[in-house]
S.K.: 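One structure, as structure tokens, below. Some questions next.
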Amino acid sequence: MRTGPKASYAAPAVEKAFEVLELFASRPDGALISEMAVQLGRSVGEIFRIVIVMEKMGILRKSHKDDRYSVAYKFLDLAYRVTHAKDLVETAKPAMRQLALDTAQSCHLVVINDSAGMVIAREQNPGTRGFSLRLGAAVDILNSCSGQVLLAFSPEELRDHVIAQASRLTPQPPSRAALDKRFGAIHRRGHEQRKSPITRGVTDISYPVFGPDGMAAGALTIPFLELIDGSQRVDMETARQMLDRAAQEISISLGHTPRP
């Protein structure tokens, strides 16, 4: 017979739901319902009912390729919004603030938000001239510098899901072959840098910020505004090096261990 709090306040369905979520911590590639049942020591029927409800709520998503389930970004977004200690923004803010001061350029942090990118933090250029994105701005995940860095350093299944979702919402999406070629180049280089396709005089430079699992937790980006009179505090190459160091600093603070 159970004793303690569980004896009075047992909630089997809630317990099973959290067992399922905890299972995915060791199954980054997802799991079939039958595999969940075996690993958790429960019947397929028990797990099936829980998983279907969690899928309907948007907490889990099912792969169209092999029926494997994985945790959906809705749950991660919810967890992010209700978590106050050592979250991504809180960890990144000091390094971003120093980066903006040292480079006299604005910077922003982008994460994947379903089929787009989203600016979750920004630091504006402390000077009188600058260019920045607003907090909460949606970012084109397929064509932007930040979006392509995020996808280049994301797990294959997540990348496939985001590209499929975004392509349906984009009038003329880039071909998958072109995207894969660019992702490969970004991954080898470790960052992306290119002239802004929208704003004249701005060059976007973006580096991945890694979480403890070694996957991209965000993309730290400087939209480098080059002044005509050359009076900017640092040149573009120096700003890129500073951005690289800032992204590494944030990654280490998040618990990422860089490869030797």
Side-chain angles (χ1 to χ4, degrees), residues 1-88 111-118 120 141 150-169 176 179-180 183 187 208-218 251 254-257 259:
M1 179 177 177
R2 288 186 178 182
T3 59
K6 286 187 177 179
S8 302
Y9 301 105
V14 175
E15 291 175 8
K16 291 172 194 173
F18 276 97
E19 286 178 5
V20 168
L21 287 173
E22 288 174 359
L23 175 146
F24 286 112
S26 62
R27 300 292 296 259
D29 296 328
L32 298 168
I33 288 178
S34 59
E35 293 171 337
M36 295 182 222
V38 170
Q39 189 164 337
L40 296 175
R42 296 187 178 275
S43 71
V44 171
E46 283 181 286
I47 300 301
F48 177 80
R49 289 191 291 272
I50 294 296
V51 167
I52 293 303
V53 172
M54 294 175 76
E55 182 185 13
K56 192 175 295 185
M57 294 177 65
I59 293 173
L60 298 181
R61 65 166 181 263
K62 183 167 69 171
S63 169
H64 298 298
K65 293 189 296 185
D66 53 15
D67 291 339
R68 288 183 177 275
Y69 283 88
S70 58
V71 179
Y73 259 71
K74 175 182 177 179
F75 181 76
L76 298 183
D77 179 57
L78 177 63
Y80 162 75
R81 287 189 284 113
V82 301
T83 301
H84 300 291
K86 206 174 174 62
D87 66 315
L88 181 54
V111 297
I112 295 174
N113 183 35
D114 196 17
S115 59
M118 182 174 68
I120 61 167
I141 199 77
L150 282 169
L151 292 176
F153 291 92
S154 289
E156 184 178 355
E157 186 170 351
L158 172 60
R159 185 166 59 239
D160 290 345
H161 173 76
V162 173
I163 291 173
Q165 292 287 96
S167 295
R168 283 195 284 269
L169 301 173
R176 184 57 193 266
L179 285 173
D180 287 342
F183 295 153
H187 204 280
V209 169
F210 296 106
D213 58 358
M215 301 301 174
S251 298
L254 287 170
H256 173 63
T257 303
R259 292 180 180 176

S.K.: Residues in side-chain hydrogen bond (donor to acceptor under 3.5 Å, both in side chains) with Asp160, at least two apart?
M.R.: Arg176
S.K.: Which heavy atom of Tyr69 sits nearest a heavy atom of Glu55, and at what distance?
M.R.: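 Taking every non-hydrogen atom into account, OH-OE1, 3.1 Å.
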S.K.: For Leu40 and Glu19, which heavy atoms make the closest approach, and how far apart are they?
M.R.: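 So the minimum-distance heavy-atom pair works out to CD2-O, 3.9 Å.
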S.K.: Please answer whether the main-chain N or O of Ser63 pairs with a side-chain N or O of Arg68 as donor and acceptor at a distance below 3.5 Å.
M.R.: no
S.K.: CG/Leu158 to CD1/Ile112 distance, rounded to the nearest 0.5 angstrom?
M.R.: 4.5 Å
S.K.: How many angstroms lie between atom NE2 of His161 and atom NZ of Lys62, to the nearest 0.5 angstrom?
M.R.: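 Those atoms lie 14.0 Å apart.
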S.K.: List the atom of Val20, the atom of Met36, and the distance in Å for their closest heavy-atom pair.
M.R.: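 Residues Val20 and Met36, closest heavy atoms: CG1-SD, 4.1 Å.
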S.K.: Is a side-chain donor or acceptor of Ser70 paired with a backbone partner of Gly30 at a separation under 3.5 angstrom?
M.R.: no
S.K.: Less than 4.5 Å apart, side chain to side chain, heavy atoms only: is that true for Glu15 and Ile50?
M.R.: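 Counting from C-beta outward, Glu15 and Ile50 never come under 4.5 Å.
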S.K.: Hey, does Met54 have a side-chain heavy atom less than 4.5 Å from the side chain of Met57?
M.R.: no
S.K.: Where do Gly211 and Ala217 come nearest, in terms of heavy atoms and distance?
M.R.: N-CB, 3.9 Å
S.K.: Can you sort out the partners of Arg49 under salt bridge (charged side-chain N to carboxylate O under 4.0 Å, His left out), two or more places apart, ordered by chain and number?
M.R.: none
S.K.: Between CG of Asn113 and CD1 of Ile141, what distance do you get to the nearest 0.5 Å?
M.R.: 9.0 Å
S.K.: Calculate, to the nearest 0.5 Å, the distance between atoms CD and CZ belonging to Gln39 and Phe24 respectively.
M.R.: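 Rounded to the nearest 0.5 Å, the CD-CZ separation comes out at 9.5 Å.
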